[in-house]
Amino acid sequence: MKYDKKTVGQIVKGVQWSSGIAIMVIGVLLAATLIQIKIHDPVNNQSLSNLMQRLERDPSNQNLKEDIRALDLLARKAYFTSAHQLRTGSAILLAALAIFLIMWKINAAIFSTQAAPPVKKLSWWQLQTRSAKTVAFAGGFFVTAAIFSSVLLKYTFTSSNSPGQAADYVDESLSQWANFRGPQGIGIASGDAPVDFDAASMEGIRWKVKVPLEGNSSPVVYDDRIFLTGGTKDARQVFCFDVSNGKLLWSYNVKVGGSEDQPLPKVDRETGFAAPTVACDGKRVYAIFATGELVSLTVKGKHVWSRFLGAPDNHYGHSSSLIAGGGLLFVQLDEYDKGKLLAINGKTGKTVWEVPRTILSWGSPILVNTGSRRELILVDNETVTSYDPVSGKLLWSKDCLYGEVGPSAAFSSGKVFVANEYAAAAGIDLVNLGDDGLPPVLWEWRGALPSTASPVSIDTLLFLATAGGTLTCIDNRTGTTLWEHEFDQGFYSSPVVAAGHVFLTDRNGVMHIFTVSDEQYSHVASREFGEPIVTTPAILDGYMVVRGEKFLYRVDGR
Amino acid sequence: MIFLNSEQVLRKTELLLRKFFGNESALQAVASILRKYSFFLILLSVTAADAQSRFPRPEFQSGYESPETNFGIIRSVVYYYIDVAVLLAALCAAAYFVLKKRSRKGIFALTVLSLAYFGFYKKGCVCSIGAIQNVTASAFSGYAIPLTSALFFLLPLLFSLFFGRVYCSSVCPLGAVQELVILKPKRLPRRLSAVLGFIPHIYLGLAVLFAATGAGFIICRFDPFVGIFRLGAPLGMIIFGTSLLVIGTVVARPYCRFLCPYGVLLGLTSLVSKWTVRISPGACINCRLCENACPVDAIQLPSTEPVREQRSRSVGRLKVFLILFPLWIAAGSFTGWLLSDLVSARHPQVKLLRGIEANENSGSSAQSLEREGLRINDEVIAILNSQAASAQKKTKTGMILLGAYLGTVTGIYLIRQSIRKKRIEYSADPSSCISCGRCYKYCPKNKPPRVSPKQQLSQEERLALGSQQRQVI
Amino acid sequence: MKKQSEDSNEKKTEVTGNPQIPVNRREFLKTAGRFLALSVLGAGLLKFVKLKSPVTVWQIDPRKCIHCGRCATECVLNPSAVRCVHAYEACGYCKLCGGYYRPNASQLNTAAESQLCPTGAIKRTFIEDPYFKYQIDEDLCNGCGKCVKGCASFGNGSLYLQVRHHICVGCNECRIATRCPAQAISLVTTDQAYWKES
């Protein structure tokens, strides 16, 4: 048998060409089928479902039924034939490809030409150097590009929704409620608050969400985030909700401080493990629990630092809230014998200053601006004491309390007011100092006194709400009773003043709203939340955030 | 509603456990126990469900017997071991053809067979390249690897310790499909292939990272050729595979050289391989005929120039590279740290969480399936949050390590470029040679010159032949 | 001719003249490296890798499945390896079957406008009044799960989706599993390859 190289070559070439053309044609057909299926998905046919909808409106239309049956058959046929086409088409394509390759190889075998070895132009060293340089350059380029792009990304990221810098003092901002009882911790809101809403029908309530873990800490609002804590003997958690929709943005599980097997402190059922309210400085949020775990998280929920302060030895359980200002976090840690007040660097978690405290209490610090300076004012079972927030220096201290002090101090136009059950209410003037250079006690008042709810003072008035349900309005210049009102239920939640109204929530969850007035109790509304409330609402500009026993509400008003 | 009750019970328990334990490993331990006993739970709930099933099974008057549900045949475990046996046999055959027989034809035939079996018959799964991830996942998480996958990972590596990359030559289906489409291989510029040669390291690192953090098996996700083996796949897969094959006609084996993560491992083990491809069966006569033979540019030329000439310069450069070495590692780790957020954003839990967040912010219902499927509530989100946070943390560590690894590879590459090994003959670089056997054909000494027995040789010719052979020895 | 042989002789001396030690050293290093690699592989595998002898397959947990329909579209195979399975033991043989009829079907007949299945894969046969048998033609089923949804919400849940192992190619990473919104697909051992009634 004699092969004519040329003829064989031509045949092979011909086969190769035709298989090549076949590959092209089948490829195009397959692509077309694929696109067709993608566009008119026969199984989920739009026109079929349109017809079905028409049939639903007109169930007895026989013509429509016939149409549907015809179209359905068509669609199913299209589906199965297209699937079949795809399968066989790709098999044929593969076979054509194999023929093409085989022909190519035969062709190459027939007309094999040994390639001439390349002419070397560069020496070995030059080649090596060149590739080394290229690799080094490429590596360097990659690193630089990565740095550059991530910097760019970070920049655009932070500029788009920056949580902002840590605020120095959050005093009178409309949009922040950065700690217990809002700006300065004195229960005065700068914004307006809704009065017309109904929690039962959800009218005027923007949203209502369940809080995953129980706790008596009040909500805190910073920018568009709500922070609060929950705690049981099993877990202590910090939660962050979205102000706009109540969505839980993150939760942080606080790690057990100290050793694992150490006993939990005893806490009163009414206090719980998460009574202290968190504080936020815009960049970080701080939370403390009855177990003595203090944690700092970014507003996005990333852990920054945590400290274990030891469970405060305190028979109801630790309940003093945190407050932050001037880059410092103030922790009132009152307990038997070894209590202390800490100022902690918010960024690092290191103690900046520390002063010992000898007397027990359950109140929270307030951080007020007297006009000439800032003072950090604390109450305890015997005294009301003021410190310089920068240095921790004791500014003044007055022996005017008694009992087990829960209510924190109130502040208005340069005067501080304190009150506690079994003791008295007292007014202290921080502006017109006495002969000894210390603030004088202006007056003392005895009557129905609060045990838990803090007093609130606005202009010349001071409001006291007791656990027994008595509300008293006092002239805060003289200490004389202006009026009194009795409610059915007592108060643990502290009153908050906003835009001429006082918001006072009783233990059953009824929020009483009345006008600030020196003449009489002038009722505006009573709004039921339908669950017990012991926390203090956060009032921002135009809305408030309320935490009940189980739920968290945002009240926008009707 | 057969499954609902048991499902509720299991889910409730799981959620409770998650809440209680918080950490995954403890959970996994309990989950395994649960799984063990879930059978009883299901049994219980099925009987309970029977009683409250909406439409109880009717009592048929006509004597109707309900048919058994046909579940079909499940592939016996034996078949999986047959796969391993085939792999072993193919590896042995490949080693025989490459090293003993030195037959390109044998290698080619085996390539076609392997493509048919591992490719088109087995549809590309399980493969040794993908098995990297199974091994990694098994080492880092609770995932238990089937023995067959482990063997698929191990056998080619073991073979390469003794015989070089024979797996690549004719056993690997991905290599085989590329091998068959090589039409006119062109040499790539050295600098280009040097830079592209780093991609497999990155790919390997990322694959290990993803598998270790439970973010998925990216090697399988981006496998270019399974779509071809299965005659159908998502469009992206087919486009990627086809374009690689088209490129593969002129740039031989693009996946093997510039992507394959398993090739990195095989390249390493082949460095210490006992026997590797020798272009010439005897001593090389430096005829240069094979210089162009290698489709993957693995042939190293003998050193012909005086070495001393540029010695001082090269020593100087070596010093620079040695000093740069730790800097590369540092730069690599730093870059890894920088890019870790980018990588962890691909983690399914992180993605899911971000998706839910984005969805809630935009108010669209795009994510509602996940919301429904995972019964997402605040509790689940809290769990997701902690999972995502831990994934991000792990990814960060992983990325730093990956960066350090890439820095090391770069440093070593640069140092190696400045050290010259003395070579006296044309040889195949064991770590990049894929043992395809093409160079055998080009070596004039591979087979003794075929002389037909009838042909009478003149005295002179016989002498010449003799001297040629004498040269060999 | 002679000159050439001289040349090659020279080369030969160069070869043999090369000191033997580096070659030996290299060999030694290679052997050491080989043993190192062997021990690393062996030790790594024994220490860290959790082996499991039986083979695993992908399967859907019907308790988690929300019949979203992605099984039909996300599988690497076309049609998908996921098909609907009918557990006769759990079936109520209802006349009005939620898996067979469209929610608003006006007539309980086998006409196209009444059926839910887009591919017509469910066969309905009369047994005795008022019971009907529903049978799935697996060759027509594409795993879209429409009937499963119907049966789960209006029936006993006897229709459910399963990965059919004679179709499934057993990808290392199941593409549907990565896309499943309920994370219902996982690897199971072959003895649990299908979800069955008790």
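To find a chain, count down the sequence lines: A is the first, B the second, and so on, and within it residues start at 1. Both backbone and side-chain heavy atoms feed into the values below; hydrogens, waters and symmetry mates do not.
Contact annotation for A:Trp104: only side-chain heavy atoms (C-beta onward) come within less than 4.5 Å of a heavy atom of chain B. A:Ile147 touches chain B through backbone and side chain together, each having a heavy atom under 4.5 Å away. Of the atoms belonging to B:Leu342, it is side-chain heavy atoms, and not backbone ones, that fall under 4.5 Å from chain A. With a 4.5 Å cut-off on non-hydrogen atoms, A:Ala138 touches chain B through its side chain but not through its backbone. For chain B, the nearby parts of A:Thr129 are the backbone and the side chain; heavy atoms of each come within less than 4.5 Å. Neither the backbone nor the side chain of A:Lys302 comes within contact range of chain B; no heavy atoms are under 4.5 Å apart. Contact of B:Ile238 with chain A is not made at all, since no heavy-atom distance falls under 4.5 Å. With a 4.5 angstrom heavy-atom cutoff, B:Ser193 does not touch chain A via any of its atoms.
Between chain B and the residues A:Leu97, A:Leu94, A:Leu93, A:Leu86, the largest count of heavy-atom pairs under 4.5 Å involves A:Leu94. With chain A as partner, the option from B:Val181, B:Ile228, B:Thr242 having the largest number of non-hydrogen pairs under 4.5 angstrom is B:Val181. Per-residue counts of heavy-atom pairs under 4.5 Å with chain A were compared for B:Arg317, B:Lys184, B:Arg191; the largest is that of B:Arg191. By number of non-hydrogen pairs under 4.5 angstrom with chain A, the leading residue of B:Phe198, B:Phe321, B:Trp328 is B:Trp328. Taking chain A as the reference chain and counting heavy-atom pairs below 4.5 Å, the highest number among B:Leu231, B:Leu192, B:Leu235 is found for B:Leu231.
Residues B:Thr410 and B:Phe325 form no side-chain contact, since every pair of their non-hydrogen atoms from C-beta on lies 4.5 Å or further apart.
For A:Glu531 (side chain) and A:Lys550 (main-chain N/O), a donor-acceptor pair under 3.5 Å exists by modelled atom type. Proximity of a side-chain donor or acceptor of A:Arg547 to a complementary backbone N or O of A:Ser217 within less than 3.5 Å is detected.
By the ring pair (Phe, Tyr, Trp, His ring centres under 6.0 Å) test, B:Phe258 pairs with no residue at all, sequence neighbours left out.
A salt bridge does not link A:Arg236 with A:Glu214: none of the charged nitrogens is closer than 4.0 Å to a carboxylate oxygen.
In summary, the aromatic rings of A:Phe289 and A:Phe273 are positioned with their centroids too far apart to meet the 6.0 Å limit. A centroid separation of 6.0 Å or more is found between the aromatic rings of A:Tyr252 and A:Phe239.
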### Worked check of side-chain hydrogen bond (donor to acceptor under 3.5 Å, both in side chains) between A:Gln128 and B:Arg190
CA-CA 9 Å; A:Gln128 297 283 93; B:Arg190 241 184 88 133; 2.3 Å; yes
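Donor-acceptor pairing under 3.5 Å is lacking for the side chains of A:Ser82 and A:Thr33.
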